[in-house]
Amino acid sequence: MMDFLFARLCLALQLVHENVLRVLEGRCRPRRSREKLLVLFPSASGAVQPFLWKDQPLPDRLLLYPPPFGFKGLKGKVENLLTLLPAANPDVGPEEASEKCRRCVVVGNGGVLKGLELGQHIDRFHTIIRLNSGPLGKHTGDVGNRTSIRMSYPEGTPLHWADTDPHSVFVAVIYKGVDLSWISAMIRKLGVSFWDWFFFWQRVPREIPLDPSRFRLLNPDVIRQTALDFLKYPKPRWRLWGWDQNVPTLGMTALSLASLLCDEVSLAGFGYNLSQQGAPLHYYDNLPMRLMQQEKMHNVDKETQFLHRLVREGVISDLTGGIHCSFCSS
Ligand SMILES: *[C@@H]1O[C@H](CO)[C@@H](O)[C@H](O)[C@H]1NC(C)=O
Ligand SMILES: *[C@@H]1O[C@H](CO)[C@@H](O)[C@H](O)[C@H]1NC(C)=O
């Protein structure tokens with residue numbers, strides 16, 4: 001029995017590795033993921049700026065909705081923050097401009113990554129986007145050791161910064177007004193006072209040891225487009241206890257961002273299978289999948305359907321097969 005299970009496990013590992021190599025070694029076509037996405041969603045605007053910069057005025061459009069869809073009521077605060085950020089960088093990605101076709105991978109934090117030993121392959125992608133505190137350290141064998149972009153909000157950011165990649169940039173995602181104060185404090189190396197912690201639902205880091213030129217502010221239009229144009233959620237509505245399941249998860253937002261920055265987009269570590277209640281939720285801890293059923297802010301089913309469609313239609317590839325396993329044998 002053990003031998004049988006072991007053989008099946010080896011076969012699964014081999015299929016996953018072959019699939020990743022096919023993606024890495026196949027032809028890279030410029031702008032492919034974005035163009036295919038816009039074919040499926042023709043009403044979506046093609047030109048969304050991924051980030052906001054010091055030398056570009058804040059568009060009025062961004063003052064229509066409160067965070068995370070805009071900066072309504074926060075004009076002064078955002079404009080102050082913009083002065084701390086770098087000036088527009090035509091090469092919006094984390095690394096030097098290059099003629100090379102950019103293959104990117106968004107590394108989700110899903111338990112499906114555990115034990116797949118994809119680290120070396122993940123590190124071969126041009127741009128590697130990691131989410132929240134998704135750790136490296138003893139997990140590098142599974143998830144790699146490079147980080148081009150770490151994308152997060154205050155409560156999700158690692159308390160102790162552990163990325164050693166000299167090319168890393170930090171992309172701040174703003175969910176509430178106080179997040180703007182926090183990111184300003186991080187860029188100015190002011191720390192966060194004890195009193196400020198009061199406004200967060202979980203401890204937040206006191207420093208991010210990156211040069212100010214390595215901070216980016218995500219344009220809320222990216223989240224708005226993801227919610228309205230791609231997921232077809234209704235116009236943002238605020239409920240007494242927060243947003244009504246119409247806020248895309250950070251992973252969905254990262255996918256949208258990747259479609260703007262990269263030529264070909266892959267996902268790894270995505271997909272929650274809610275019928276596997278005891279399966280690990282994350283690659284780095286022992287929380288069970290069933291916790292996902294308590295999710296109130298995000299609409300996990302809707303996102304899963306959307307991602308499934310993108311993988312099926314070849315807009316993106318799913319390296320670990322948790323969304324749609326094109327390489328699994330039947
Ligand atoms: C990742 O690991 C490789 C191989 O051990 C090493 O050469 C490289 O410097 C590491 N990169 C980072 C960013 O830690
Ligand atoms: C989820 O898990 C169940 C039970 O193991 C399985 O039958 C189903 O195919 C899985 N769904 C996906 C999308 O992988």
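Both ligands and their constituent atoms are indexed starting at 1 by order of listing. These figures come from a predicted structure and were not determined experimentally.
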Review point. If you count the atoms of ligand 1 from 1 in the order shown, which ones are under 4.0 Å from a heavy atom of T164?
Key: 12 (C), 13 (C), 14 (O)

Check your understanding: With a 3.5 Å cut-off and no angle check, do the side chains of Q225 and S256 form a donor-acceptor pair?
Key -> no

Check your understanding: What is the nearest protein non-hydrogen atom to atom 8 (C) of ligand 1, stated with its residue, atom name and distance?
Key -> N145 ND2, 3.8 Å

I'd like to know if [atom] has any protein heavy atom within a distance of less than 4.0 Å.
atom	value
atom 2 (O) of ligand 1	yes
atom 5 (O) of ligand 1	no
atom 14 (O) of ligand 1	yes

Exercise for review: Would you mind checking if E264 and R29 are paired as a salt bridge, meaning a charged N to carboxylate O distance below 4.0 Å?
Suggested key: yes

Check your understanding: If you measure from the Lys or Arg side-chain nitrogens to the Asp or Glu carboxylate oxygens, is any gap between E79 and K54 under 4.0 Å?
Key -> no

**Study point:** Identified side-chain contact (heavy atoms from CB on, under 4.5 Å) partner of T147 from the options T164, V169, L136
**Key:** L136

Study note, to complete from the structure: Of R130, R150, R214, the one forming a salt bridge (Lys or Arg N to Asp or Glu O under 4.0 Å) with D163 is R150

